[in-house]
Amino acid sequence: TCALPISATQPAAPATPVSTTSAPATGPVAPAGPGPCPAAALKASLGQGQGAAGTLYQVLVLTNVSASTCTLYGYPGVSFVTGEGGAVIGAPASRNPLIADTLVTLPPGHAASALTGIADTGALPAAACKPGSAGLLQIYPPGDRSALFLTYRAEVCTRPGEKFMT
């Protein structure tokens with residue numbers, strides 16, 4: 001997960017009013033709205049990055065490349081991995097418990113973003129961190145078990161379970 005949950009990065013389409021009428025108990029149930037965005041409907045890319053106080057902050061952008069509107073709710077799962085389907089390097093990013101999950105509706109072509117922070121390995125004890133290089137981010141859209149992969153080179157903590165991402 002990331003330091004900040006998914007948020008809209010482009011203006012969303014105008015909301016369509018929903019009328020509410022009671023349907024007979026045996027009648028069909030209207031859908032509640034667009035479903036979640038699966039990984040296959042999204043393209044991951046990097047937004048702007050910036051360093052501050054021993055941490056590199058990187059915006060991760062998820063763009064809806066499908067023909068249907070879909071939603072993202074909450075935090076994506078983010079970690080560095082050794083390769084597609086490979087092992088997690090260090091520990092996955094942790095959540096910021098002070099930031100609530102949000103629902104973002106993504107029409108086709110629109111994007112949402114999340115912010116992740118990566119600790120500067122030079123500011124951490126080498127014995128505890130075991131610094132090394134990584135080159136691939138694994139990103140799970142909120143609520144999905146299929147991952148997107150994004151090339152991103154960084155010096156990271158390679159010790160298993162070591163937390164260096166938020």
Side-chain angles (χ1 to χ4, degrees), residues 1-10 35-66 68 70-166:
T1 54
C2 283
L4 293 178
I6 293 288
S7 61
T9 57
Q10 293 182 13
C37 299
L42 299 169
K43 177 185 175 201
S45 60
L46 297 173
Q48 184 157 350
Q50 183 174 348
T55 303
L56 173 65
Y57 292 98
Q58 180 62 59
V59 174
L60 304 175
V61 179
L62 299 177
T63 302
N64 180 357
V65 294
S66 76
S68 301
C70 60
T71 61
L72 295 171
Y73 179 74
Y75 289 75
V78 180
S79 57
F80 279 98
V81 291
T82 57
E84 290 191 27
V88 171
I89 299 171
S94 58
R95 283 184 152 203
N96 182 338
L98 301 176
I99 309 288
D101 291 347
T102 56
L103 178 68
V104 175
T105 301
L106 289 181
H110 284 237
S113 63
L115 181 67
T116 191
I118 304 161
D120 176 0
T121 58
L124 302 171
C129 174
K130 197 173 174 192
S133 295
L136 194 63
L137 279 174
Q138 175 175 262
I139 303 166
Y140 287 97
D144 197 348
R145 293 181 182 249
S146 296
L148 301 165
F149 295 93
L150 187 58
T151 300
Y152 182 78
R153 305 220 181 278
E155 288 297 310
V156 300
C157 293
T158 64
R159 182 175 299 281
E162 184 67 25
K163 293 186 180 212
F164 64 92
M165 294 179 74
T166 58

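A quick note: this is a predicted structure, and the numbers were derived from the prediction, not measured. In what follows, every heavy atom counts, from backbone to side chain, and hydrogens, waters and symmetry copies are set aside.
Residues Pro141 and Ser146 approach most closely at CD-O, 3.4 Å, considering heavy atoms. Annotation for Leu56 and Gly51: closest pair CD1-N, 3.9 Å, computed over non-hydrogen atoms. Considering all non-hydrogen atoms of both residues, Thr151 and Leu46 come closest at O-CD1, 4.1 Å. Across every non-hydrogen atom of Ile139 and Pro76, the tightest pair is CG2-CB, 4.2 Å. Between Ala91 and Met165 the shortest heavy-atom distance is O-SD, 4.4 Å. Scanning all heavy atoms of the two residues, the minimum distance from Ala112 to Val104 falls at CB-CG1, 4.1 Å.
Side-chain N or O atoms of Thr82 include one that pairs as donor or acceptor with a backbone N or O of Ala87 at under 3.5 Å. Put simply, the side chain of Asp120 never gets that close to the backbone of Thr55: no donor and acceptor are under 3.5 Å apart. Checked by atom type and distance alone, the side chain of Tyr75 pairs as donor or acceptor with a backbone atom of Asn96 at under 3.5 Å. Side-chain atoms of Ser66 come within 3.5 Å of backbone atoms of Ser68 as a donor-acceptor pair (strictly under, hydrogens ignored). Between the Thr71 side chain and the Gly35 main chain, a donor and an acceptor come within less than 3.5 Å of each other. With Gln138 contributing its side chain and Leu148 its backbone, the two residues share no donor-acceptor pair below 3.5 Å. No side-chain donor-acceptor contact under 3.5 Å links Arg159 to the backbone of Lys130.
Inter-residue side-chain proximity for Gln58 and Leu115 is flagged as unmet; no heavy-atom pair is nearer than 4.5 Å. Looking only at side-chain heavy atoms (C-beta outward), Asp144 and Pro36 stay at 4.5 Å or farther from each other. Using a 4.5 Å heavy-atom cutoff, the side chains of Gln48 and Tyr57 are not in contact. Side-chain atoms of Phe149 and Val81, non-hydrogen and from C-beta on, do get closer than 4.5 Å to each other. In this structure, the side chains of Glu155 and Ser133 come closer than 4.5 Å at one or more pairs of heavy atoms.
Rounded to the nearest 0.5 Å, atoms OG (Ser79) and CD1 (Ile89) are 8.5 Å apart. Note that the CG atom of Asn64 and the NE2 atom of His110 stand 9.0 Å from one another [nearest 0.5 Å]. Leu103 CG to Tyr73 OH: the interatomic distance, rounded to the nearest 0.5 Å, is 8.0 Å. In this structure, the separation between CG on Leu42 and CG on Leu106 is 7.0 Å, given to the nearest 0.5 Å. Rounding to the nearest 0.5 Å gives a distance of 6.0 Å between CD of Glu84 and CG of Leu136. For the atom pair OG of Ser94 and CZ of Phe164, the computed distance is 11.0 Å after rounding to the nearest 0.5 Å.
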If you apply the rule side chain to side chain contact (heavy atoms under 4.5 Å, CB included), what do you find for Val78 with Leu137, and how did you get there? CA-CA 7 Å; Val78 180; Leu137 279 174; 3.9 Å; yes

Start with the C-alpha distance between Thr166 and Thr116, add both sets of side-chain angles, then the distance that settles side chain to side chain contact (heavy atoms under 4.5 Å, CB included), and finish with yes or no. CA-CA 6 Å; Thr166 58; Thr116 191; 5.6 Å; no

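Across Thr158, Val156, Leu124, a single residue satisfies side-chain contact (heavy atoms from CB on, under 4.5 Å) together with Cys129, and that is Leu124.
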